[in-house]
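Taking it in order: structure first as structure tokens, then the write-up.
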Amino acid sequence: MARENRIRIMTAIAVYEKRHREELSDTDQWFRGDYIGVRMLKNGCRLTLAFLIGFAFYVVLHFDEMLYRLNSMDVLGLAERVLIAYGISLGSYLLLTYVIFSIRYYQAEKRRRAYDRLVDRLEAEYQKEEKEVFSTEIRRKGRNRSRGHGAENP
């Protein structure tokens, strides 16, 4: 019975590891702030690159308007609008990133605790079996001594 319990728990641990391997390693390796901060930095760089590519496409599509603005010396107005659009999009995207990865971290942490409980149950099963084996050996030695097998006879 103890071995069947142990096998069930080991199977559950293996399935859990297979399904949630990346999440388990992420929560084990990172603090919450670092985990979220790295994701925000990556997504901020991605958004900046995407914004630059999008702005380049906008310039190409509206080239006549850009030339007119450059000739009319309204460069500061153009730069101000571009930077405001970039700031708003970056702020909203980073806020969304923060919320999403906070939720993911907490879910992964919850799964990590469930995994730790499974490992603790497995360890308890091993200790329980070890105690049973130890008590069986003591009883067996006690029976052998009472029959005279354990004592030296000249």
Side-chain angles (χ1 to χ4, degrees), residues 1-63 66 78-153:
M1 181 66 180
R3 289 185 186 213
E4 290 177 12
N5 260 351
R6 211 174 56 210
I7 291 171
R8 281 190 205 121
I9 295 170
M10 288 167 59
T11 305
I13 288 173
V15 168
Y16 213 82
E17 284 176 346
K18 187 174 183 180
R19 285 185 184 165
H20 306 290
R21 176 174 290 145
E22 186 175 316
E23 291 174 349
L24 292 174
S25 67
D26 280 351
T27 58
D28 196 29
Q29 293 175 357
W30 296 90
F31 290 113
R32 181 183 155 281
D34 295 338
Y35 176 82
I36 295 169
V38 166
R39 272 50 178 198
M40 288 178 68
L41 184 63
K42 285 181 184 178
N43 285 340
C45 292
R46 289 176 186 149
L47 179 80
T48 300
L49 183 64
F51 191 84
L52 290 174
I53 291 171
F55 183 68
F57 279 131
Y58 180 81
V59 167
V60 169
L61 290 175
H62 299 95
F63 194 69
M66 290 295 138
L78 175 66
E80 183 179 308
R81 278 186 257 147
V82 169
L83 288 177
I84 288 173
Y86 173 71
I88 289 171
S89 61
L90 182 65
S92 60
Y93 191 68
L94 289 180
L95 179 66
L96 184 64
T97 299
Y98 179 82
V99 169
I100 289 171
F101 282 103
S102 292
I103 292 169
R104 284 186 185 176
Y105 185 84
Y106 284 122
Q107 288 173 344
E109 190 66 30
K110 186 177 175 182
R111 289 186 183 108
R112 179 73 182 172
R113 285 191 298 269
Y115 175 78
D116 288 342
R117 283 191 300 271
L118 282 173
V119 171
D120 290 343
R121 280 181 48 202
L122 180 63
E123 187 176 316
E125 286 292 324
Y126 272 114
Q127 289 175 355
K128 182 178 168 184
E129 185 177 336
E130 189 176 289
K131 285 179 184 178
E132 289 173 3
V133 168
F134 184 69
S135 64
T136 305
E137 286 179 10
I138 289 176
R139 278 187 271 147
R140 198 173 336 144
K141 285 181 183 178
R143 271 190 248 139
N144 287 342
R145 284 189 184 155
S146 65
R147 293 181 187 165
H149 295 292
E152 293 181 24
N153 291 332

Within a 6.0 Å radius of atom [atom1] on [X], are there more than 12 heavy atoms belonging to other residues, nucleotides or ligands?
| X | atom1 | answer |
| --- | --- | --- |
| R81 | CZ | yes |
| E130 | CD | no |
| R112 | CZ | yes |

Identify all side-chain donor-acceptor contacts of residues 48-61 below 3.5 Å with residues at least two apart in sequence or on another chain.
| unit_1 | atom_1 | unit_2 | atom_2 | d |
| --- | --- | --- | --- | --- |
| T48 | OG1 | G44 | O | 2.9 |
| T48 | OG1 | Y86 | OH | 2.6 |

Between [atom1] on residue [X] and [atom2] on residue [Y], distance to nearest 0.5 Å:
| X | Y | atom1 | atom2 | result |
| --- | --- | --- | --- | --- |
| I13 | R117 | CD1 | CZ | 12.5 Å |
| R121 | D116 | CZ | CG | 13.5 Å |
| T97 | R104 | OG1 | CZ | 9.5 Å |
| N43 | L90 | CG | CG | 10.0 Å |
| L96 | L47 | CG | CG | 11.0 Å |
| S102 | M40 | OG | CE | 8.5 Å |

With the threshold set at 4.0 Å, does a side-chain nitrogen-carboxylate oxygen contact exist between R8 and E4?
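Counted as a salt bridge, because a side-chain N and a carboxylate O are separated by less than 4.0 Å.
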Could you note down all residue pairs passing salt bridge (Lys or Arg N to Asp or Glu O under 4.0 Å) where residues 85-100 supplies at least one of them, sequence neighbours left out?
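Every pair satisfying salt bridge (Lys or Arg N to Asp or Glu O under 4.0 Å) with a residue in residues 85-100: there are none.
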Y16 side chain to L118 main-chain N or O, any donor-acceptor pair under 3.5 Å?
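No, the answer is negative, given that no donor and acceptor are paired below the 3.5 Å cut-off.
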Please collect all ring pair (Phe, Tyr, Trp, His ring centres under 6.0 Å) contacts where either partner lies in residues 92-121, sequence neighbours excluded, each pair once.
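For residues 92-121: Y35-Y105.
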With side chain to side chain contact (heavy atoms under 4.5 Å, CB included) as the criterion, how do R6 and M10 come out once you've worked through the C-alpha distance, each side chain's angles and the decisive distance to 0.1 Å?
CA-CA 6 Å; R6 211 174 56 210; M10 288 167 59; 4.2 Å; yes
Are any non-hydrogen side-chain atoms of W30 and I36 less than 4.5 angstrom apart?
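Result no, sub-4.5 Å side-chain heavy-atom pair not found.
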